[in-house]
Amino acid sequence: MSSKKQLIQPRTLKGFRDFLPAAMIPRERLIDTAKGVYRSFGFSPIDTPSLEYTEVLLGKGGAETDKQMYRFTDHGGRDVGMRFDLTVPFARFAAQHIGTLGTPFKRYHVGPVWRGENTQRGRYREFIQCDFDTIGTTSTTSDVEAALVIHELFRAIGFERFTIRINDRRLLTGLLESLDLLEQQTSVLRVLDKLDKAGPGAVASELKDGVGLSEAQVSAVLEFAQLEGSPAALLEAIEPLVRGAEVGLAGHSGLATLFEAATAAGVPAERIKLDPSIARGLDYYTGAIFETFLDDLPGIGSCCSGGRYDDLATLYTKQDLPGVGASLGVDRLLAAMEELGMIEAQSAPCPVFMPMLEKDRLGDYLALARELRAAGVGVELYPEPRKLGAQLKYADRRGFALAVIAGSSEFESGTCQLKDLRAKEGVEVARGDLAARIGELL
RNA sequence: GUGGGCAUAGCUCAGUUGGUUAGAGCGCCGGAUUGUGGUUCCGGAGGUCGGGGGUUCAAGUCCCCUUGUCCACCCCA
């Protein structure tokens with residue numbers, strides 16, 4: 001037969017991506033930062049399977065997420081779904097294990113999720129979420145803490161200009177209840193959500209003609225959504241609008257406590273806003289809602305969203321398991337950081353590069369590298385004795401900070417050359433002082 | 001899922017009303033420089049013009065399908 005082999009075109013599925021070291025290093029750093037912040041607030045790590053019985057996942061996030069869920073039948077005929085977020089599996093997890101864990105329980109969870117929707121910038125079919133949640137308490141303390149975690153998280157990642165927009169589902173429900181619009185809640189909120197883009201005129205006419213509200217109802221809803229000002233001023237203006245409904249008042253006092261406490265905790269006013277028009281989020285939210293936008297790149301969407309969901313676990317257990325938490329969109333945030341020039345283009349996994357000059361000195365090189373590693377300094381040894389210039393070029397391209405250069409004369413005299421690749425300067429250093437000198441330069 | 005724009009070398013892009021062997025810059029490899037790289041000079045490799053089909057004497061250029069990507073809607077991290 002033909003000697004030409006038919007090659008398979010190397011490619012990835014739409015919305016699925018490969019990650020080269022240059023992308024993976026900042027990605028891991030971001031995740032480590034998030035884990036550190038979560039732990040500092042007392043959240044513990046957990047993990048769950050990426051596949052679940054479809055019945056566990058279906059109908060929990062709303063019709064839209066059901067449509068986007070990857071779903072198939074496995075070899076045993078089981079109806080299987082790939083998780084589209086980490087919150088729904090967590091509710092199942094909590095219902096299953098809360099007996100041994102006890103309440104309240106705080107966890108964080110980092111892992112990929114899948115949604116079969118159309119791709120866009122910062123929007124993929126496989127992406128990492130980095131969640132933290134507290135379950136087993138309805139205390140507003142946990143709501144406030146969620147806002148504080150988001151604030152510290154973005155600070156730790158390196159952002160100064162961002163806004164956490166907060167609302168409460170109960171406020172909206174209260175308003176609609178007092179207007180006798182509870183039935184149309186979903187469609188009213190969907191239209192309302194377009195306020196920013198479409199403007200009040202378009203929203204008004206769609207509420208009237210599309211959803212069928214009366215003039216009075218339209219103006220009441222618009223008046224509510226268009227309120228602006230400090231949280232305190234907003235809450236004062238909102239109170240009379242929701243006074244007629246108990247839920248509304250509960251949401252009102254929850255938000256009042258939240259903003260008061262967040263301010264007392266030192267969150268700057270410009271980073272935390274009450275936004276009555278935020279209504280979105282998955283179907284399971286029942287209380288406070290959070291969305292986080294970057295002031296310098298609002299178009300990319302919310303990079304960290306969440307809220308309170310007091311009924312989610314009731315689908316799996318009779319025990320009351322209210323929860324609150326949020327999800328950091330790692331991939332979306334990285335796309336934003338890339339665009340904002342916050343990511344250094346370098347892919348050196350460790351600080352020190354060691355060129356190999358003489359093949360028959362392999363044992364000496366390995367021993368020297370091992371000494372450095374034992375002292376806590378990461379070292380990469382080049383695998384073959386090429387021309388030194390070429391090896392240094394390799395090191396430079398990877399972004400190594402330092403090179404430790406040694407050949408026969410150095411090995412015999414117990415020294416080596418320590419070269420700062422950034423400054424392009426080298427000094428001769430006694431082998432015993434090497435780790436210390438490296439520490440000074442890093 | 002719906003609608004629109006893109007798709008040419010590793011990267012960023014040129015490519016005239018369809019018309020001979022498809023170009024540039026950067027990068028890469030080799031040499032000048034047999035143990036010290038980012039400059040300079042010389043030389044070199046690398047392209048099924050995303051894939052498939054069609055129209056034509058002739059297609060990178062026109063048409064259809066398909067895949068990917070970007071944008072808008074929808075929704076969301």
Side-chain angles (χ1 to χ4, degrees), chain A residues 4 6-17 20 30 34 61-68 83-87 110-131 150 186 189-191 193-194 197-198 278-283 285 289-294 299-307 326-336 339 345 353 355-358 361 382 385-400 403-411 416-428:
Chain A
K4 279 185 188 169
Q6 185 64 46
L7 293 177
I8 298 162
Q9 190 191 351
R11 54 179 186 158
T12 56
L13 287 165
K14 180 189 181 71
F16 289 74
R17 300 157 300 153
L20 304 197
L30 178 58
E64 198 62 35
T65 44
D66 288 357
K67 229 166 48 186
Q68 295 175 353
R83 64 182 180 212
F84 56 84
D85 73 2
L86 299 177
T87 305
V110 181
V113 301
W114 298 270
R115 294 183 195 175
E117 64 173 338
N118 253 341
T119 55
Q120 234 171 88
R121 181 182 50 156
R123 193 169 173 162
Y124 313 98
R125 289 188 169 175
E126 178 181 59
F127 58 97
I128 298 272
Q129 286 197 337
C130 202
D131 279 31
I150 295 173
T186 312
L189 294 183
R190 186 176 313 127
V191 175
D193 195 50
K194 296 178 187 166
K197 283 179 185 170
I278 284 193
R280 329 155 75 174
L282 288 322
D283 282 358
Y285 291 124
I289 312 168
F290 310 97
E291 293 195 343
T292 313
F293 289 84
L294 303 176
I300 204 157
S302 173
C303 293
C304 185
S305 308
S327 179
L328 180 70
V330 171
D331 293 285
R332 177 171 290 182
L333 198 55
L334 281 167
E339 191 159 334
F353 175 75
M356 179 185 290
L357 302 176
E358 290 156 49
R361 288 277 189 176
Y382 198 80
R386 289 181 69 193
K387 234 172 42 170
L388 182 57
Q391 296 190 55
L392 290 176
K393 206 166 176 184
Y394 165 91
D396 187 50
R397 188 164 98 170
R398 307 266 145 148
F400 282 95
V404 168
I405 302 169
S408 285
S409 54
E410 284 87 355
F411 283 127
C416 46
Q417 283 188 49
L418 177 58
K419 183 166 179 125
D420 190 324
L421 293 169
R422 300 157 301 189
K424 305 183 68 168
E425 291 164 357
V427 286
E428 187 160 303

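The chains referred to below are lettered A, B, ... by the order of the sequence lines, with proteins before strands, and numbering in each begins at 1.
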Using whole Å, report how far [atom1] of [X] lies from [atom2] of [N].
X      : N     : atom1 : atom2 : answer
A/K14  : B/G50 : NZ    : C1'   : 14 Å
A/I278 : B/C76 : CD1   : C1'   : 13 Å
A/L86  : B/A77 : CG    : C1'   : 10 Å
A/D66  : B/C76 : CG    : P     : 12 Å
A/D85  : B/C75 : CG    : C1'   : 14 Å

For the backbone of [Y] and the side chain of [X], can you confirm whether one donor and one acceptor N or O come within less than 3.5 Å of each other?
X      : Y      : answer
A/R332 : A/G122 : yes
A/D331 : A/I128 : yes
A/S302 : A/T292 : yes

### Query
For B/C76, does either OP1 or OP2 sit under 4.0 Å from a side-chain N or O belonging to A/R332?
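No, no such contact exists.
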### Under-4.0 Å side-chain N/O to phosphate OP1/OP2 contact, A/Q68 with B/C75
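Negative; the distance criterion is not met.
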### Task
Mind checking the CZ-CZ spacing from A/R17 to A/F127? Nearest 0.5 Å is all I need.
10.0 Å
### Task
Identify, between A/T12 and A/C303, the residue whose nearest nucleotide on RNA chain B lies closer to the 5' end.
A/T12
### Query
Mapping A/G329 and A/L421 to their closest nucleotides on RNA chain B, which lands nearer the 5' end?
A/L421
### Summary
Of the listed B/C70, B/A77, B/C73, the closest approach to the A/Q120 side chain comes from B/C73
### Query
Between B/C71, B/G37, B/U69, which nucleotide has the shortest distance from any of its atoms to the side chain of A/T119?
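Among the listed nucleotides, the one closest to the side chain of A/T119 is B/U69.
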### Task
Applying side-chain contact (heavy atoms from CB on, under 4.5 Å), name anything that partners A/E339, two or more places apart in sequence or on another chain.
A/R121, A/L297
### Query
Sequence neighbours excluded, which residues qualify as side-chain contact (heavy atoms from CB on, under 4.5 Å) partners of A/E428?
A/T415
### Task
Would you give a per-nucleotide map of nucleotides 8-13 of chain B, 5' to 3', where B means the base has a protein non-hydrogen atom under 4.0 Å away, S means only the sugar-phosphate does, and - means neither?
------
Restricting to nitrogen or oxygen on both sides, can you table the protein-nucleotides 1-3 of chain B pairs closer than 3.5 Å?
residue : atom : partner : partner atom : Å
B/U2    : O4   : A/N118  : ND2          : 2.8

### Query
NA contact type, A/G122, heavy-atom cut-off 4.0 Å: base, sugar-phosphate, or nothing?
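If one applies the 4.0 Å heavy-atom cut-off, A/G122 turns out to touch a base.
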### Summary
Annotated structure of RNA chain B as dot-bracket, pair cut-off 3.5 Å, Watson-Crick or G-U only, | for inter-strand, is (((((((..((((.....[...)))).(((((.......))))).....(((((..]....))))))))))))....
### Task
Rounded to whole angstrom, note down the P distance from B/G43 over to B/G60.
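It comes out at 31 Å once rounded to the nearest Å.
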Would you tabulate the pairs of protein nitrogen or oxygen atoms and nucleotide nitrogen or oxygen atoms of nucleotides 31-36 of chain B closer than 3.5 angstrom?
residue : atom : partner : partner atom : Å
B/G35   : N1   : A/E410  : OE1          : 3.3
B/G35   : N2   : A/E410  : OE2          : 3.1
B/G35   : N2   : A/Q417  : NE2          : 3.4
B/U36   : O2'  : A/K419  : NZ           : 3.2
B/U36   : O2   : A/K419  : NZ           : 2.9
B/U36   : N3   : A/Q417  : OE1          : 3.1
B/U36   : O4   : A/Q417  : OE1          : 2.7
B/U36   : O4   : A/Q417  : NE2          : 2.2

